[in-house]
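Along the sequence shown, the residues carry numbers beginning at 1.
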Amino acid sequence: MTTLLTGISVGLGALVVLLLALLVIRWRSDRKTDERVAEVVQSLNSRMDELGRELQGALDRAEEEGRRSRIFGELAGSIDLDEVLSRALEAAGALDGADAALVMLPDAQGGKPLVATLGLSVEEAERHAITGPPDGRLARAITMAYTYPELERQAAQADEGTIHSGLAVPLPGESETLGYLTVFTRAKGVTFSDDDVRQLETLALRAGPAIENARRFREARQLADLDALTGLHNRRFFHETLARESARAHRYERKLALIVFDLDDFKEVNDRVGHLAGDAALAEAAERVRDVVRTSDIACRVGGDEFAVILPESSLDDADQLYRRILNAVSARPLGQAGKLYLSAGVAELRPEDDPTSFFKRADDALYRAKEAGKGRVVAATVPRLGPA
């Protein structure tokens, strides 16, 4: 690329010198010579315009290659899955003619696949996700063309924003294909060429290992953040998340609520049925908690039979309502050999003067006041008691 730019620059310099010489000749020549000189000058102007376009094209290509090299380097240098997927999609979306990009990674355990998109709505991503050929074989590339009969009868402007074609290539992993990287165009009549396939394959070869490493790191981190018995987040994760959510709530002046609760008289349960049966009761209680919390809530086991739920964007009333749903779920039927158990809870809403420690302490103190008040109830950190459950 440097050699090409140097050659174009030298050519432009020579043309300028030649143009100056011809201008001198024109000054000394007669009319007929002037006409010939004018023709040559026009030809030179055309050539200079052409060389200018070539130079601009070379600069654009150099800039694109530099951008691609930067993205490839960033892909290999990150272990954050969201960041790796974002950079891969950014690079794919820069392909000529591409208006959107999508990565679909099936879950190895048969769960919900991981889908990341750029330029697509959630609904579009779900409709256009590529899982591969129907017979299960690995394809080098898959091209898609979409025809919409109702749009054929409408005006052209009504067709804006519709996906018309796509190109997908597999994302290679260490031992198997991770999924597919797909680009889409919303323009009619655009088809992806063999060169487009090669460019997308080059990106997939770089992105695949980076995505696999980042995904393994996330899975390992998730396992490290989980309590082995209950499957809820553990104490370390709870305190890290509470600190992060408290800082965010303070920064953006958002609400944040917290529930701290435990199983009433659980020590007596262990003494009566044994620790193994007690552990089974804890695991079942945690499962019931997981079933009723919202997707935005963060349920944790903070020690023994004590649990906590962080409620982003929530008030004290929201925490009280969630406690009652948890109480109903846990106490509605027996917990294995432990029988029916009830909960006591303390709830708190973040105050401007709170730090994570004081916030947790206020909720934890409220929990102990609930137990002193008769158990099976919730107490708020800001008032003596919200009342019996």
Side-chain angles (χ1 to χ4, degrees), residues 1 61-120 122 124-126 128-144 165-185 192-226 237 240:
M1 183 58 70
R61 288 192 296 275
E63 183 178 346
E64 176 62 20
E65 288 177 9
R67 188 189 65 82
R68 243 181 230 166
S69 297
R70 173 181 57 80
I71 290 176
F72 287 159
E74 291 169 344
L75 276 172
S78 177
I79 55 173
D80 181 81
L81 183 58
D82 291 335
E83 183 178 352
V84 170
L85 289 172
S86 177
R87 295 190 189 285
L89 290 169
E90 178 189 348
L95 194 72
D96 286 343
D99 295 312
L102 180 149
V103 169
M104 201 282 291
L105 306 175
D107 185 81
Q109 308 302 321
K112 190 175 180 180
L114 173 62
V115 178
T117 68
L118 175 70
L120 292 175
V122 174
E124 286 178 320
E126 291 175 350
H128 295 297
I130 301 300
T131 57
D135 60 6
R137 287 189 294 178
L138 180 64
R140 178 196 170 192
I142 301 171
T143 56
M144 295 80 68
S165 60
L167 170 67
V169 298
L171 284 162
E174 184 177 321
S175 57
E176 60 183 1
T177 300
L178 303 177
Y180 280 83
L181 172 62
T182 311
V183 292
F184 298 96
T185 180
F192 291 102
S193 65
D194 289 340
D195 186 55
D196 294 327
V197 173
R198 286 190 291 271
Q199 288 187 52
L200 201 58
E201 281 181 320
T202 300
L203 172 59
L205 285 171
R206 298 289 190 95
I211 290 173
E212 187 169 42
N213 289 338
R215 194 178 192 182
R216 286 174 177 170
F217 178 78
R218 172 178 284 188
E219 290 170 352
R221 180 62 190 266
Q222 287 174 339
L223 287 175
D225 289 339
L226 295 180
F237 182 88
E240 288 179 356

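- Closest of all the heavy-atom pairs between Gly208 and Leu171 is N-CD2, 4.1 Å.
- Taking each heavy atom of Ala101 and Ala92 in turn, the nearest pair found is CB-CB, 4.0 Å.
- For the side-chain hydrogen bond (donor to acceptor under 3.5 Å, both in side chains) with Arg218, the qualifying choice from Asp82, Asn213, Asp80 is Asp82, the only one to do so.
- Between Leu178 and Pro106 the shortest heavy-atom distance is O-CD, 3.1 Å.
- Residues Pro133 and Tyr180 approach most closely at CD-OH, 3.7 Å, considering heavy atoms.
- Of all non-hydrogen atoms in Leu85 and Ala116, the two that sit nearest each other are CD1-CB, 4.0 Å.
- Residues Ala141 and Val197 share a closest heavy-atom pair of CB-CG1, 3.9 Å.
- The side chain to side chain contact (heavy atoms under 4.5 Å, CB included) search around Ser86 returns none, not counting sequence neighbours.
- A side chain to side chain contact (heavy atoms under 4.5 Å, CB included) with Asp196 holds for exactly one of Thr143, Leu95, Val183, Val169; it is Leu95.
- Exactly one of Thr185, Leu200, Leu181, Thr182 qualifies for a side chain to side chain contact (heavy atoms under 4.5 Å, CB included) with Leu167. That residue is Leu200.
- Judged by distance alone, with hydrogens and angles left aside, the side-chain atoms of Glu212 form a donor-acceptor pair with the main-chain N or O of Glu174 at under 3.5 Å.
- Taking a 6.0 Å sphere around CG of Asp96, one finds it holds 12 or fewer heavy atoms contributed by other residues, nucleotides or ligands.
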Exercise. Could you walk me through whether Asp195 and Gln199 pass side chain to side chain contact (heavy atoms under 4.5 Å, CB included), step by step?
Key: CA-CA 6 Å; Asp195 186 55; Gln199 288 187 52; 2.9 Å; yes
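- Listed by chain and number, the residues in a ring-ring contact (aromatic ring centres under 6.0 Å, His included) with Phe184 are His128 (sequence neighbours excluded).
- Between Leu102 atom CG and Met104 atom CE the span is 8.0 Å, to the nearest 0.5 Å.
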